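Please read the structure below before turning to the comments.
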Protein chains: 2
Amino acid sequence: MRTDTVYKKAFNRVASMLHDGELVGELPSENELKRRLGVSRTTVRKVLQELVHRKLIAERNGIRMAERTVDENDYYPDAETTPRAKHVEQQFMEWMLRGDTRPGTSINELELARQFGVATNGIREFLIRFSRFGLIEKRPNTGWLFKGFTEDFALELFEIRMMFELRSAHLFSQQPENSPLWAKLAALKIAHVDLLKRIESRFHDFSGLDNRFHRLINEASPNRFIDDFYDIISFIFHYHYQWNKQDEKQRNKAALLEHITYIEALESRNSVRIAKACRAHLASAKATLMRSLIALEE
Amino acid sequence: MRTDTVYKKAFNRVASMLHDGELVGELPSENELKRRLGVSRTTVRKVLQELVHRKLIAERNGIRMAERTVDENDYYPDAETTPRAKHVEQQFMEWMLRGDTRPGTSINELELARQFGVATNGIREFLIRFSRFGLIEKRPNTGWLFKGFTEDFALELFEIRMMFELRSAHLFSQQPENSPLWAKLAALKIAHVDLLKRIESRFHDFSGLDNRFHRLINEASPNRFIDDFYDIISFIFHYHYQWNKQDEKQRNKAALLEHITYIEALESRNSVRIAKACRAHLASAKATLMRSLIALEE
DNA sequence: AGCATGAACTTTATCCATAAAAAACAACTT
DNA sequence: AAGTTGTTTTTTATGGATAAAGTTCATGCT
């Protein structure tokens with residue numbers, strides 16, 4: 001059966017809106033809620049129905065009002081708000097990055113399905129999606145081959161990344177003075193400086209900034225293939241560093257400083273300086289990844 | 001039910017081997033056939049069984065020999081030797097490139113499934129696979145968006161292609177003198193010259209050469225992401241030109257000449273000359289594609 | 001007319017079933 | 001011991017079913 005994660009997530013969302021006093025007095029219409037929650041009206045209605053049923057809200061002559069205050073165990077557990085496909089992704093990534101899965105291992109759909117508690121279809125769809133990351137390969141009628149999260153992989157990844165980023169940074173710097181992206185860049189710089197001040201406690205926030213920064217650079221002259229490639233990078237890094245936290249603070253602090261230099265280079269519009277800052281930053285990111293790969297081997 | 005296309009294809013293969021006298025006297029062992037056909041022994045046995053049943057071969061005290069001569073209608077029809085997934089691919093590409101599918105159209109899995117006569121699962125898997133080509137986009141719980149085989153698409157595609165190819169051509173030229181790839185390049189050049197002589201009748205053969213050439217260039221310093229990207233290109237071109245044959249002969253002849261120039265540039269090891277030939281060739285390929293896109297609009 | 005709710009219909013996400021194909025195991029032969 | 005064939009088990013490719021979520025149609029209210 002299809003999971004009802006969309007509903008549960010929407011429900012939690014409304015509950016927390018009630019809790020935070022974002023919905024005072026008469027509740028918005030179904031259509032308005034639909035817009036705010038980004039789900040269909042069908043789902044909105046289901047949420048409302050349950051809210052009434054639990055007496056969190058009450059409906060009197062067509063007007064819906066908050067009734068009871070929301071408490072902690074009105075919320076559905078987080079795990080129930082994530083669709084199956086996402087769970088498969090997480091479990092697979094853990095299996096791959098954490099387990100002792102060696103390069104050359106073959107991947108068995110049925111076995112993973114059993115292990116993850118889902119139908120084989122879900123596994124297969126995930127693997128198809130995942131195959132574009134270059135880490136697995138399909139052999140028809142036979143199964144999938146895990147090629148390994150190896151040094152080669154990282155080298156090839158960074159080679160492309162470097163090409164793309166140099167290209168995008170260059171084009172970014174060539175934008176007209178009145179482009180709104182310059183203002184965005186300035187704002188991002190401030191965010192960097194702010195984070196740097198609080199780095200001791202807030203170092204986790206870096207990955208959000210990192211993402212924003214690299215995506216911003218691509219915005220100047222969009223290319224879907226570059227965007228897609230950046231998705232690969234984010235994905236890989238997200239999971240890799242999620243299970244590999246050594247030196248996180250230090251790593252992020254260094255990257256933050258590199259970003260600032262890089263941003264200033266962009267602001268200078270000086271090609272040579274830009275290329276240099278870009279190269280330096282990527283070289284450092286690469287070195288960090290390589291180091292952690294070697295650590296994994298042991 | 002799973003199709004038995006693997007079996008049928010293997011059967012046809014063996015039948016044509018018998019026909020062509022590639023299997024004289026005692027037939028090879030099951031294991032040997034398995035190796036030659038690239039299928040499992042289970043399938044080999046099924047083929048043999050059917051061959052016996054149809055009296056194409058006979059088995060006398062453990063020895064299998066040809067019995068009857070193979071005739072035209074011993075073969076299974078071609079359509080039955082292609083797996084469902086491939087059919088879906090073909091039908092989808094036709095639907096997309098030939099039909100009046102406009103950018104922005106949304107793609108309905110169920111409707112396609114009905115139209116193509118397959119289960120929705122197959123459509124979905126295809127779409128997931130296809131999504132990396134940058135022509136469609138998934139909107140969760142809702143469906144897929146067809147972004148269109150547009151001018152933008154072609155521009156973005158060629159931008160990346162140019163970056164990759166310049167990089168690969170450069171690295172190719174830097175290979176040591178004793179690399180075996182130089183010999184391969186020379187052989188390919190001869191094949192080009194040969195084809196040029198027969199271009200009037202054999203112009204269809206160009207696409208095979210084109211593929212070999214571009215893949216050869218990448219071989220010097222492999223990068224999986226570049227290979228993958230080249231898969232996208234081949235795929236797109238394959239289908240696009242399959243339904244768009246205008247000027248095919250002339251187009252191929254021009255490309256053949258460009259390739260020869262390009263190969264000679266590589267052989268010269270002269271960077272400037274290489275970059276120039278590479279650019280010229282890609283610019284021309286791009287112009288051809290753009291022209292045919294505009295033709296489509298009308 | 002324009003927006004709200006209610007109800008019916010359609011499509012997606014997900015599981016399950018099964019024949020075909022592959023792989024593993026077993027017994028036999030040289 | 002290594003290669004054959006026979007048999008059994010496992011896995012993949014494909015179809016089908018269904019609850020959840022999305023969309024459309026209908027009705028009613030300002």
Side-chain angles (χ1 to χ4, degrees), chain A residues 1-10 27-34 37-49 59 61-64 83-88 106-114 117-128 138-144, chain B residues 1-10 27-35 37-49 59 62-64 83-88 106-114 117-128 138-144:
Chain A
M1 197 209 321
R2 187 176 178 165
T3 55
D4 56 357
T5 53
V6 173
Y7 151 72
K8 284 177 175 164
K9 195 170 217 160
L27 292 193
S29 78
E30 293 174 358
N31 274 315
E32 175 56 22
L33 280 171
K34 162 186 140 115
L37 298 171
V39 298
S40 74
R41 193 160 67 84
T42 306
T43 300
V44 169
R45 300 186 99 224
K46 197 170 167 189
V47 169
L48 290 171
Q49 203 184 357
E59 196 167 349
N61 35 328
I63 294 178
R64 283 179 283 251
R84 221 49 119 219
K86 189 78 185 172
H87 279 140
V88 169
S106 65
I107 296 171
N108 183 314
E109 292 177 3
L110 197 57
E111 189 186 315
L112 286 184
R114 278 190 295 244
V118 298
T120 51
N121 256 317
I123 300 289
R124 177 185 277 248
E125 284 178 16
F126 170 76
L127 292 173
I128 296 173
K138 185 164 173 54
R139 288 167 310 176
N141 302 315
T142 301
W144 299 79
Chain B
M1 199 210 319
R2 187 177 177 163
T3 55
D4 55 357
T5 53
V6 172
Y7 152 71
K8 283 176 175 165
K9 195 171 217 159
L27 260 58
S29 78
E30 294 175 358
N31 273 316
E32 175 56 23
L33 280 171
K34 163 186 139 115
R35 228 163 295 139
L37 298 170
V39 299
S40 74
R41 193 161 66 86
T42 307
T43 300
V44 169
R45 300 188 98 226
K46 199 170 165 188
V47 169
L48 291 172
Q49 203 185 357
E59 197 167 347
I63 293 178
R64 281 179 284 249
R84 221 46 122 220
K86 189 76 184 174
H87 279 139
V88 169
S106 65
I107 296 171
N108 183 316
E109 293 177 4
L110 198 57
E111 190 186 315
L112 287 184
R114 278 189 296 246
V118 297
T120 51
N121 255 318
I123 299 289
R124 179 186 275 248
E125 284 178 15
F126 171 76
L127 292 173
I128 296 172
K138 184 164 175 52
R139 287 167 311 177
N141 302 316
T142 301
W144 298 80

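Fair warning: this is a prediction, and the values are worked out from it, not measured in the lab. Numbers restart at 1 for each chain; the letters A, B, ... are given by sequence-line order, proteins then strands.
An OP1 or OP2 oxygen of dT11(D) is reached within less than 4.0 angstrom by a side-chain nitrogen or oxygen of Arg114(A).
We find that CZ of Arg139(A) is positioned 11 Å from P of dA13(D), with the value rounded to whole Å. One interatomic measurement links the two molecules: NZ of Lys138(A) to C1' of dT12(D), which rounds to 7 Å at whole-angstrom precision. Rounded to an integer number of Å, the gap from CD of Glu30(B) to P of dT7(D) is 11 Å. For Arg45(A) and dT23(D), the CZ to C1' distance is 14 Å, given to the nearest whole Å. For Leu110(A) and dT10(D), the CG to P distance is 10 Å, given to the nearest whole Å. Atom-to-atom, CD of Gln49(B) to P of dT5(D) comes out at 14 Å; the value is rounded to the nearest Å. When the C1' atom of dT10(D) is taken as reference, atom CD1 of Ile107(A) falls 17 Å away, rounded to whole Å. Taking atom CG of residue Leu27(B) and atom P of nucleotide dT4(D), one finds them 13 Å apart after rounding to whole Å.
If you check dA13(D), dG22(D), dT7(D) against the side chain of Arg41(B), the one that comes closest is dT7(D).
Residues satisfying the side-chain contact (heavy atoms from CB on, under 4.5 Å) test with Glu59(B), not counting sequence neighbours, are Val52(B), Arg64(B). With sequence neighbours left out, Lys46(A) forms a side-chain contact (heavy atoms from CB on, under 4.5 Å) with Asp4(A), Tyr7(A). Under the side-chain hydrogen bond (donor to acceptor under 3.5 Å, both in side chains) criterion, Arg2(B) pairs with Asn141(A), sequence neighbours left out. With sequence neighbours excluded, the residues satisfying side-chain contact (heavy atoms from CB on, under 4.5 Å) with Ser29(B) are Asn31(B), Glu32(B). A search for side-chain hydrogen bond (donor to acceptor under 3.5 Å, both in side chains) contacts involving Lys86(A) returns Glu89(A), not counting sequence neighbours.
Contact between Leu33(B) and Pro28(B) at its shortest, heavy atoms only, is CD1-O, 4.0 Å. In plain terms, the two heavy atoms of Ala113(A) and Ala119(A) that are nearest each other are CB-C, 4.1 Å.
Between chain B and DNA chain C, the heavy-atom contact criterion of under 4.0 Å yields a 5' to 3' nucleotide range of dT11(C) to dA24(C).
Side-chain contact between Arg139(B) and Ser106(B) is present, with heavy atoms from C-beta onward closer than 4.5 Å. Contact of the Ile128(A) side chain with the Phe126(B) side chain is not registered, since no non-hydrogen atoms from C-beta on lie closer than 4.5 Å. The shortest side-chain heavy-atom distance between Glu125(B) and Asn121(A) falls under the 4.5 Å cut-off.
For the pair Arg35(B) and Thr142(B), both in contact range of DNA chain D, the more 5′-proximal nearest nucleotide belongs to Arg35(B). Nearest-nucleotide assignment on DNA chain D puts the 5′-proximal partner with Ser29(B), out of Ser29(B) and Gly38(A). For Glu109(B) and Asn31(A), each mapped to the nucleotide of DNA chain C holding its nearest heavy atom, the one lying further toward the 5' end belongs to Asn31(A). For the pair Asn108(B) and Lys46(B), nearest-nucleotide mapping onto DNA chain C gives the more 5' position to Asn108(B).
From Lys138(A), atom NZ reaches atom CD1 of Ile107(A) across 10.5 Å, with rounding to the nearest 0.5 Å. Atom CD1 of Ile123(B) sits about 8.0 Å away from atom CD of Glu109(B), to the nearest 0.5 Å. Interatomic distance, CD1 of Ile63(B) versus CG of Leu27(B), reported as 11.0 Å (0.5 Å rounding).
Contact annotation for Arg64(B): backbone-only contact, meaning every heavy-atom pair under 4.0 Å involves sugar-phosphate atoms and none involves a base. Nucleic acid contact for Lys8(B): none, since no nucleic acid atom lies under 4.0 Å from a heavy atom of the residue. Among the heavy atoms of the strands, none lies under 4.0 Å from Lys34(A). Among the heavy atoms of the strands, none lies under 4.0 Å from Gly62(B).
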Which pairs, protein N/O on one side and nucleotides 14-17 of chain D N/O on the other, fall under 3.5 Å?
residue, atom, partner, partner atom, Å
dT14(D), OP1, Thr3(B), OG1, 3.2
dT14(D), OP1, Arg84(B), N, 3.0
dG15(D), OP1, Arg84(B), NE, 2.9
dG15(D), OP2, Ala119(B), N, 3.2
dG15(D), O4', Met1(B), N, 3.3
dG15(D), O6, Asn121(A), ND2, 3.2
dG15(D), O6, Asn121(B), ND2, 3.2
dG16(D), O6, Asn121(B), ND2, 2.8

Enumerate the protein-to-nucleotides 27-30 of chain D contacts in which both atoms are nitrogen or oxygen and the separation is below 3.5 Å.
none

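Tested against Thr3(B), the residues Arg84(B), Lys8(B), His87(B) include a single side-chain contact (heavy atoms from CB on, under 4.5 Å) partner, Arg84(B).
Helix bend of the helix from dA1(C)-dT30(D) to dT30(C)-dA1(D): the angle between its two end axes, each built from five pairs, comes to 20° after rounding to 10°.
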Show me the side-chain donor-acceptor pairs of residues 37-45 of chain A shorter than 3.5 Å, one per line, residues at least two apart or across chains.
residue, atom, partner, partner atom, Å
Ser40(A), OG, Thr42(A), N, 3.4
Ser40(A), OG, Thr43(A), N, 3.3
Ser40(A), OG, Thr43(A), OG1, 3.4
Arg41(A), NH1, Glu30(A), OE1, 2.7
Arg45(A), NE, Glu30(A), OE1, 3.3
Arg45(A), NE, Glu30(A), OE2, 3.3

